[in-house]
Amino acid sequence: MSNGPLIVQSDRTVLLEVAHPDAETARHELAIFAELERAPEHIHTYRITRLGLWNARAAGHEADDMLATLDRWSKFPVPPSVSIDIRESVNRYGRLVIERDDEGLLVLRSTDAAVLAEVTKNKPIQPLLIGHPAPDAYVIDAWARGAIKQELLKIGWPAEDLAGYTPGTPHPIDLVENGWHLRPYQHTAVSTFTGGGSGVVVLPCGAGKTLVGAGAMAETKTTTLILVTNTVSARQWRDELLRRTTLTEEEIGEYSGQMKEIKPVTIATYQILTAKRKGQYAHLALLDALDWGLIVYDEVHLLPAPVFKLTADLQARRRLGLTATLVREDGREGDVFSLIGPKRFDAPWKEIESQGFISPAVCYEVRVDLPEGDRLEYAASADEDRYRLAATAPAKISVVRDLVARHRGERILVIGQYLDQIDTLAEALDAPKITGQTPVDEREQLYQAFREGSIELLVVSKVANFSIDLPEASVAIQVSGSFGSRQEEAQRLGRLLRPKESGHTASFYTLIARDTVDQDFAQNRQRFLAEQGYSYTILDADQLAAA
DNA sequence: GAGTATGTAA
DNA sequence: TCCCCTACATACTC
């Protein structure tokens, strides 16, 4: 404790001085248990939340480690109230345990009689308990394993679930490591997951989440249901599994709108699980179609709310969540924690980057002025028109032109959200464009040409968010985004983070109209990136033109 | 059936 | 606040 980069405040927020020489090291240690809340230029704000502490605890970090981090990097003494609070919160995890008794019944057990008395008195929890065979144990209704974990988390006493899992139907699966191997961090992720049985692995885009899934499958060797966000991702999983494991085409099925195959390894979309007919979930049978021993949730931060409900009933099956971020826009992180499982592994992006597995990226925010006439119109506009006016500021076109010129020779993506803006840009830059209206085969052709390099500049709409990988892109220019969704930001940056042969540093530009809602939304977006250790540099459009 | 067009949900 | 995109279901054509 002396002149460190952190200030720990008694309201459980932690300020990080970005320019401090130890800032990056401190940030990595802090990010284990604190969440980034605001990331303006000089001082970043982290918040220590219970959920963050419990996730850290479940990943094997002790309260002493966390307190040591704060003490080591703090400029002033850590307020005693915060230290005490952290210790108490961390120690709340694991005080309650869900396990099987000798007869195979599901029981809630605690050596702490007071805690047990408190939680079992709770209104929503009481009806889930159907017996009290011993002073330290209550029998839980067999179907309520998920529900009780949700309720316990809500009242601040998360239970550690040690009740085990159904083995599922065994199925031989092995990795085929010919000429490649799981990377060390992937190995660690797989083994911590299989040790814990259920939980979430957090890895940045491009760090090989699919291989962690494949590794987990090769460890558990059982029939597996893989849930993904869209059909493109389903195909990618399928191809990757065929390439990296002993699984053959006959053993991998796709269960989607187009195909309804059920095989020992089945890949399904979230959408099909949530599809309803006559008010009933139409494809629930999929969840019991085979005796799944493992369920993989790809992009668990995008899990639709109804799937949580279904997952509450699947607590006896092993669950692996994969994601680049645990942050959800809807605040259901707690459901991920109690229903999928706690975080088992988390690799900071910067660390993987420094090991050379994904290429480094630099982020810039470029501020442009609205023209005088538009400023008046902006001021007079209703809120709903303002965003569009700011996002489509004409000055952005010349900035894009400058940036494109500056990165000549690299593969460049220009990303926008409004179709007419995309039309204008494509025309101004004389570049091909891809929108939702572009027919699928034309899209494929353009993507292919971009990958091969015969096209170096592509203007795209939101299609690019969820569709195919464009690993060759090393520059992205975001002209307009939507309402500051961090997910979207992550997706877009993820496009640039694949390891590249060229060794180019990837650049990510966000164009912002000064003094508008545009700027407010942008701040929200930055947050996510700063959390992963990226710095945002703010540039002025005029400076840029001069440089 | 396979392929296409249209509507709906999130 | 709306815009954009995707996936699914259904109805229709050949």
Side-chain angles (χ1 to χ4, degrees), chain A residues 226-238 254-261 267-286 298-299 301-310 328-332 377-378 380-393 413-426 433-444 446-447 458-470 478-485 487-492 494-495 513 516-521 524-525:
Chain A
I226 301 168
L227 300 175
V228 300
T229 52
N230 58 50
T231 43
V232 174
S233 158
R235 305 277 152 72
Q236 282 174 355
W237 268 92
R238 194 175 154 275
E254 178 185 323
Y255 194 97
S256 67
Q258 285 110 57
M259 272 191 277
K260 303 274 188 292
E261 300 169 335
I267 307 172
T269 54
Y270 289 132
Q271 300 247 5
I272 202 143
L273 273 184
T274 55
K276 283 193 177 185
R277 239 171 77 186
K278 291 177 191 144
Q280 301 279 314
Y281 289 114
H283 297 280
L284 267 189
L286 172 64
D298 194 22
E299 314 281 7
H301 60 291
L302 297 174
L303 201 74
V307 177
F308 281 120
K309 223 183 246 165
L310 304 176
R328 290 178 64 99
E329 304 300 323
D330 60 2
R332 298 194 68 157
E377 196 186 335
Y378 178 84
S381 292
D383 279 354
E384 57 263 37
D385 300 326
R386 284 188 162 186
Y387 182 71
R388 192 185 176 101
L389 204 62
T392 56
L413 284 179
V414 178
I415 308 164
Q417 95 156 321
Y418 298 104
L419 291 184
D420 42 357
Q421 186 184 31
I422 285 165
D423 292 340
T424 319
L425 275 167
K433 63 181 180 201
I434 298 180
T435 69
Q437 288 156 11
T438 314
V440 176
D441 45 342
E442 193 184 328
R443 269 186 228 183
E444 290 292 344
L446 286 169
Y447 281 135
L458 210 49
V459 184
V460 298
S461 71
K462 272 188 166 180
V463 266
N465 273 8
F466 286 100
S467 60
I468 327 155
D469 285 323
L470 288 174
Q478 178 169 270
V479 180
S480 50
S482 76
F483 301 99
S485 155
Q487 272 168 32
E488 209 172 283
E489 194 85 355
Q491 292 272 2
R492 289 183 175 174
R495 249 101 296 255
T516 66
V517 280
D518 212 7
Q519 196 168 321
D520 301 338
F521 293 140
N524 192 17
R525 284 188 226 133

How does each nucleotide of nucleotides 7-14 of chain C score, in 5' to 3' order, for protein heavy atoms under 4.0 Å: base (B), sugar-phosphate only (S), or none (-)?
SSSS----
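Rounded to an integer number of Å, the gap from CG of A:L302 to C1' of C:dT6 is 13 Å. Distance, A:L389 CG to C:dC3 C1': 15 Å, rounded to whole Å. As a whole-Å value, the separation of A:R235 CZ from C:dT6 C1' is 13 Å. Rounded to whole Å, atom C1' of B:dA10 lies 14 Å from atom CZ of A:R332. If you measure from atom CZ of A:R388 to atom P of C:dC2, you get 13 Å, rounded to the nearest angstrom. Separating the CD atom of A:Q417 from the C1' atom of C:dT1 is a distance of 11 Å, rounded to the nearest angstrom. Counting to the nearest Å, the C1' atom of B:dA10 and the CG atom of A:L273 are 15 Å from each other.
Side-chain contact of A:S480 with A:Q421: a donor-acceptor pair under 3.5 Å is present, judged by distance alone.
Take A:Q271 and apply the side chain to side chain donor-acceptor pair (under 3.5 Å) test, not counting sequence neighbours, and it matches no residue. In terms of the side chain to side chain donor-acceptor pair (under 3.5 Å) criterion, A:T435 has no residue partners (sequence neighbours excluded). Partners of A:K276 under the side-chain contact (heavy atoms from CB on, under 4.5 Å) rule, at least two apart in sequence or in another chain, are A:Y281. Listed by chain and number, the residues in a side-chain contact (heavy atoms from CB on, under 4.5 Å) with A:A426 are A:K433, A:V459 (sequence neighbours excluded). For the side-chain contact (heavy atoms from CB on, under 4.5 Å) test, residues two or more places apart in sequence or in another chain that qualify with A:L273 are A:L227, A:L286, A:L287, A:L310.
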